[in-house]
J.: 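My questions all concern the structure below.
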Amino acid sequence: MVDFEQEYNKIVDKNSNKNPEELLDFIFQLHGDKVELASSFGAEDVVIIHMIQNLGLSIPIFTIDTGRLNQETYNLIDEIRNKYNIKIEILFPNNVDVETMVQEKGMNLFYKSVENRQLCCNVRKVIPLEKKLSNLDAWITGLRKNQNENRSNFKKIEIDIRKKTILKYNPLIDWSFEQVFDYIKKNNVPYNKLHDLNYPSIGCAPCTRGIKTGESPRAGRWWWENESNTECGLHSKD
Ligand code: SF4
């Protein structure tokens with residue numbers, strides 16, 4: 001563990017000031033086929049996908065189909081696949097876990113309690129992600145600091161919170177939403193059409209809505225809960 005932390009500190013020292021493209025290039029050189037991009041096909045993710053293709057890096061992309069995504073997200077997955085002529089690995093939750101959960105607690109269990117919502121996120125998202133990460137040395141995400149308060153402390157290069165011996169890279173961590181969309185427009189990158197309906201953050205259909213002017217970017221996620229509940233467990237231990 002000490003060695004891993006020392007190695008991590010060296011990587012941070014040498015690479016924290018790199019721009020996203022430079023960092024992606026470094027990540028691929030260091031990790032080769034043991035690093036992948038986790039994409040939920042939000043605006044940040046399509047920017048990173050475009051950068052990876054532009055740089056000619058063979059970094060695989062995976063996404064988790066929770067079974068409850070918006071049609072717009074499925075449309076975008078196919079659009080990206082066709083535009084860049086790439087494979088996208090689609091991970092699914094364990095069908096027995098989903099069947100047991102909905103039979104015991106109902107199809108819309110997440111509205112009934114925080115515990116039910118966390119259970120659903122765990123079954124549909126976190127368990128498939130953890131299974132995937134168990135075969136990797138590192139993963140890449142589209143997280144940004146100003147997506148919500150909880151993310152303001154996230155770093156460009158982190159040790160993964162659950163698997164303490166793999167790295168997590170967030171190349172756009174310091175970007176604003178405006179920078180992300182400028183990049184999308186300038187580079188003609190396909191994006192999720194829900195963003196045009198004022199969805200800054202896109203997740204599962206029953207748990208995501210557009211926001212009103214002045215609301216926090218994460219106000220459209222699990223809006224029926226306490227407003228501090230803005231994470232599903234993929235990027236936090238709560
Ligand atoms: S976001 Fe909603 S539907 Fe999706 S996994 Fe979490 S609770 Fe379930």
Side-chain angles (χ1 to χ4, degrees), residues 36-46 61-78 80 88-134 139 141-144 147-151 154 160-163 168 170 177 191-195 197-212 215-238:
E36 298 195 16
L37 170 68
S39 172
S40 60
F41 290 89
E44 297 80 6
D45 300 330
V46 293
I61 300 159
F62 71 89
T63 192
I64 301 170
D65 182 354
T66 62
R68 303 298 300 251
L69 301 182
N70 292 280
Q71 182 60 35
E72 288 84 349
T73 305
Y74 293 120
N75 293 346
L76 178 62
I77 293 172
D78 277 351
I80 292 276
I88 293 164
E89 186 183 7
I90 316 285
L91 307 180
F92 292 94
N94 179 289
N95 66 309
V96 176
D97 289 351
V98 174
E99 283 165 23
T100 305
M101 177 177 74
V102 297
Q103 275 166 18
E104 284 179 5
K105 298 188 179 276
M107 298 305 291
N108 293 317
L109 70 156
F110 29 80
Y111 294 135
K112 293 178 190 159
S113 69
V114 173
E115 291 70 29
N116 277 4
R117 197 270 291 169
Q118 287 170 336
L119 172 69
C120 187
C121 283
N122 196 46
V123 165
R124 292 184 190 270
K125 294 180 176 180
V126 177
I127 293 173
L129 176 73
E130 290 189 339
K131 196 170 156 202
K132 178 70 181 171
L133 294 184
S134 64
W139 58 310
T141 83
L143 294 179
R144 289 184 300 105
Q147 282 169 323
N148 69 37
E149 211 162 284
N150 180 53
R151 295 182 178 183
F154 286 10
D160 184 75
I161 46 161
R162 278 176 249 94
K163 309 221 169 263
K168 179 175 171 185
N170 310 309
F177 192 66
Y191 65 93
N192 197 315
K193 295 303 175 277
L194 289 173
H195 288 306
L197 300 175
N198 232 7
Y199 284 62
S201 164
I202 297 169
C204 294
C207 302
T208 313
R209 64 163 170 78
I211 61 166
K212 298 185 196 109
E215 281 188 317
S216 132
R218 292 288 285 187
R221 304 295 291 275
W222 312 296
W223 59 92
W224 62 91
E225 291 183 3
N226 181 311
E227 62 184 22
S228 63
N229 293 347
T230 56
E231 297 290 346
C232 60
L234 292 180
H235 304 293
S236 69
K237 281 185 281 190
D238 305 326

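Atoms within a ligand are numbered from 1 in the order they appear, just like the ligands themselves.
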J.: Counting backbone and side chain alike, does Cys120 bring an N/O/S atom below 2.8 Å of atom 8 (Fe) of ligand 1?
T.: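 An N, O or S atom of Cys120 is closer than 2.8 Å to atom 8 (Fe) of ligand 1, so yes.
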J.: Any donor-acceptor pair under 3.5 Å linking the side-chain atoms of Gln118 with those of Asn122?
T.: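 No pair is found: no donor N or O on one side chain lies under 3.5 Å from an acceptor on the other.
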J.: Quick check: does any side chain N or O of Thr63 sit under 3.5 Å from a backbone N or O of Ser39, one acting as donor and the other as acceptor?
T.: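 The answer is yes, because a donor-acceptor pair under 3.5 Å joins these two groups.
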J.: Quick one: sort the Phe110 and Trp224 rings into parallel, tilted or perpendicular, breaks at 30° and 60°.
T.: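 Because their plane-to-plane angle lies in the 30° to 60° range, the rings of Phe110 and Trp224 count as tilted.
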J.: Counting only N and O atoms by type, is there a donor-acceptor contact under 3.5 Å from the side chain of Asp65 to the main-chain atoms of Ile90?
T.: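 Side chain of Asp65 to backbone of Ile90: no pair is present.
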J.: Would you please name every residue forming a salt bridge (Lys or Arg N to Asp or Glu O under 4.0 Å) with Glu72, sequence neighbours left out?
T.: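 Not a single residue meets the salt bridge (Lys or Arg N to Asp or Glu O under 4.0 Å) criterion with Glu72.
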J.: Who gets closest to atom 6 (Fe) of ligand 1 by heavy atom: Cys121, Cys204, Gly203?
T.: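 Considering heavy atoms of Cys121, Cys204, Gly203, the nearest to atom 6 (Fe) of ligand 1 sits in Cys121.
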J.: Using a 4.0 Å cut-off to any heavy atom of Arg117, which atoms of ligand 1 qualify?
T.: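 Atoms satisfying the 4.0 Å criterion: 7 (S).
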J.: Record the part of Cys207 in heavy-atom contact with ligand 1 below 4.0 Å; permitted values are side chain, backbone, both and neither.
T.: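 Side chain only.
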J.: Which ligand 1 atoms are under 4.0 Å away from a heavy-atom of Arg124?
T.: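 It comes down to these atoms of ligand 1: 5 (S), 8 (Fe).
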